[in-house]
Amino acid sequence: EPLSLGDVAHFLLLFLEKLVNFGRKRKTENFENHKGAKGAAAAISDYRRFRTPDNREFEILNSYWGPTGRGERGKPVGCSPFFSELGFSVDAMSKLQRYASEFERRVRSGLDARDRRNGLVDRLVELVDRFVGAHRNAEHYYIALVAVANGNLNYAAGGDTREEARPRTGELPTKEPRSLGFALPRTATYPDRLPEVCFRCRTNGDGPVRHGGVCDGSTPRWEFVYHLELLTPGIFMRSLNDGCHTVVLASGSLAPISSLIGELGLLPAGQRVGKGI
């Protein structure tokens with residue numbers, strides 16, 4: 001059955017919205033409102049005392065999902081608790097990858113090669129591919145949420161004007177804080193208008209759902225960043241190894257070669273590396 005571009009885009013929107021809302025909630029509750037040593041108040045205090053660099057990343061409490069050395073009931077779980085917490089099932093992630101490929105095919109067919117929207121499509125497809133890969137091989141990935149100042153730490157600490165944000169003599173120039181966009185029909189003149197009710201959610205029986213509630217033109221003090229990291233190169237080498245008759249690995253500095261080949265997963269289980277070069 002042919003896929004409707006509207007249905008495809010809506011499914012991708014729901015995925016992105018879930019990631020954004022989850023990150024915003026963690027940032028607000030576990031960092032901005034946290035009163036301990038890992039909260040925003042402590043980060044601002046350190047900035048005022050030690051002039052912390054503006055690009056410093058701050059840990060968000062209870063926002064790491066990855067290998068811990070303990071596993072769960074003797075089995076490695078990696079970042080799988082993250083996907084469980086957000087309700088991303090195997091079927092949902094498989095559908096997500098299929099829809100992202102269909103979205104890329106449909107949208108690119110109508111874009112000029114120089115259209116800047118090509119870059120947005122690239123970023124979306126890359127994001128989906130990374131999360132799908134992490135879901136399939138969760139034991140080899142970690143996911144973490146960190147907080148960063150929006151633009152500069154002076155603004156995060158309460159500065160509001162360009163004058164206040166200017167660097168002191170000898171300091172690097174500061175970045176301007178970024179403002180969120182507007183979800184239609186909101187505008188700079190009417191930022192409090194509610195976004196339109198989603199037609200597809202209403203048709204599916206989900207009630208009067210309004211997407212883009214966070215897009216109100218505001219300029220938050222803090223932003224959040226997802227870190228999704230692969231901990232072993234063997235995942236990527238596996239696809240290369242499966243499609244090749246012979247893989248030649250040569251290096252003068254990667255000894256012992258046997259452990260390297262083991263990390264890259266270039267040999268079947270139980271097969272030994274012969275003495276060579």
Show me, pair by pair, the donor-acceptor contacts under 3.5 angstrom made by side chains of residues 133-141, not counting sequence neighbours?
residue: His135; atom: NE2; partner: Phe88; partner atom: O; Å: 3.2
residue: Arg136; atom: NH2; partner: Gln97; partner atom: OE1; Å: 2.7
residue: Asn137; atom: ND2; partner: Gly133; partner atom: O; Å: 3.4

With rounding to the nearest 0.5 Å, note down the distance linking [atom1] in [X] to [atom2] in [Y].
| X | Y | atom1 | atom2 | result |
| --- | --- | --- | --- | --- |
| Tyr47 | Asn152 | OH | CG | 6.5 Å |
| Ser63 | Lys25 | OG | NZ | 11.5 Å |
| Ile143 | Cys79 | CD1 | SG | 4.0 Å |
| Thr52 | Ile44 | OG1 | CD1 | 10.5 Å |
| Ser101 | Leu3 | OG | CG | 11.0 Å |
| Lys35 | Asn33 | NZ | CG | 6.5 Å |

Can you give me the closest heavy-atom contact between [X] and [Y], atom names plus distance?
| X | Y | value |
| --- | --- | --- |
| Phe82 | Leu19 | CZ-CD2, 4.0 Å |
| Ala37 | Ala42 | O-CB, 3.5 Å |
| Phe31 | Ala43 | CZ-CB, 4.2 Å |

Results of side-chain hydrogen bond (donor to acceptor under 3.5 Å, both in side chains) for [X] - residues two or more places apart only:
| X | value |
| --- | --- |
| Thr219 | Ser179 |
| Asp46 | none |
| Ser218 | Asp216 |
| Glu59 | Lys38 |

Got [X] and [Y] here, is their nearest side-chain heavy-atom distance under 4.5 Å?
| X | Y | result |
| --- | --- | --- |
| Val209 | Phe199 | no |
| Phe15 | Val128 | yes |
| Asn118 | Arg108 | yes |
| Val8 | Arg106 | no |
| Phe224 | Val146 | no |
| Tyr142 | Leu231 | yes |
| Arg200 | Asp7 | yes |

Qualifying residues under salt bridge (Lys or Arg N to Asp or Glu O under 4.0 Å), relative to Arg202, sequence neighbours excluded: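 Counting only residues at least two positions away or on another chain, Arg202 forms no salt bridge (Lys or Arg N to Asp or Glu O under 4.0 Å).
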
Please output the side-chain donor-acceptor pairs of residues 180-189 that fall under 3.5 Å, not counting sequence neighbours, one pair per line with the distance.
residue: Arg186; atom: NE; partner: Pro191; partner atom: O; Å: 3.3
residue: Arg186; atom: NE; partner: Arg193; partner atom: O; Å: 2.5
residue: Arg186; atom: NH1; partner: Gly213; partner atom: O; Å: 3.0
residue: Arg186; atom: NH1; partner: Cys215; partner atom: O; Å: 3.1
residue: Thr187; atom: OG1; partner: Thr189; partner atom: N; Å: 3.3
residue: Thr187; atom: OG1; partner: Tyr190; partner atom: N; Å: 3.0

Salt bridge (Lys or Arg N to Asp or Glu O under 4.0 Å): pairs with one or both residues in residues 218-237, sequence neighbours excluded: Asp160-Arg221, Arg178-Glu223

Kindly write out the residues that satisfy side chain to side chain contact (heavy atoms under 4.5 Å, CB included) with Asn21, not counting sequence neighbours, or none if the list is empty. Glu17, Val214

For His34, give me all partners under ring pair (Phe, Tyr, Trp, His ring centres under 6.0 Å), at least two apart in sequence or on another chain.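 His34 satisfies ring pair (Phe, Tyr, Trp, His ring centres under 6.0 Å) with no residue once adjacent residues are dropped.
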
For residues 92-118, which residue pairs pass the ring pair (Phe, Tyr, Trp, His ring centres under 6.0 Å) check, not counting sequence neighbours?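 Residue pairs passing ring pair (Phe, Tyr, Trp, His ring centres under 6.0 Å), neighbours aside: Phe11-Tyr99.
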
Can Phe58 and Val148 be said to form a side-chain contact (heavy atoms from CB on, under 4.5 Å), step by step? CA-CA 6 Å; Phe58 299 91; Val148 294; 6.0 Å; no

Please confirm whether the backbone N or O of Arg117 pairs with a side-chain atom of Asp115, one donor and one acceptor, at under 3.5 Å? yes

Look only at the side chain of Ser45 and the backbone of Ala41, and say whether a donor-acceptor pair between them is shorter than 3.5 Å.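 No, the answer is negative, given that no donor and acceptor are paired below the 3.5 Å cut-off.
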
Once side chain to side chain donor-acceptor pair (under 3.5 Å) is applied, what residue pairs with a partner in residues 79-95 remain, sequence neighbours excluded? Arg26-Glu85, Trp65-Glu85

Output, in order, the C-alpha distance, side-chain angles, deciding distance and verdict of side-chain contact (heavy atoms from CB on, under 4.5 Å) for Leu127 and Leu16. CA-CA 10 Å; Leu127 177 71; Leu16 295 174; 3.5 Å; yes

In one Ile/Leu/Val/Met/Phe/Trp/Tyr side-chain cluster, 4.5 Å: Trp222, Leu61: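 In one cluster with Trp222: Leu61, no.
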
Stepwise side-chain contact (heavy atoms from CB on, under 4.5 Å) check, Leu145 with Val225: CA-CA 6 Å; Leu145 270 170; Val225 175; over 6 Å; no

State plainly whether the residues Arg105 and Glu102 are in salt-bridge range, i.e. N to O under 4.0 Å.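 Yes, this pair counts.
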
Quick one, His227 with Glu57, criterion side-chain hydrogen bond (donor to acceptor under 3.5 Å, both in side chains). Give me CA distance, side-chain angles, the key distance, then yes/no. CA-CA 11 Å; His227 280 283; Glu57 295 182 340; 2.9 Å; yes

Would you call the rings of His10 and His211 parallel, tilted or perpendicular if under 30° counts as parallel and over 60° as perpendicular? perpendicular

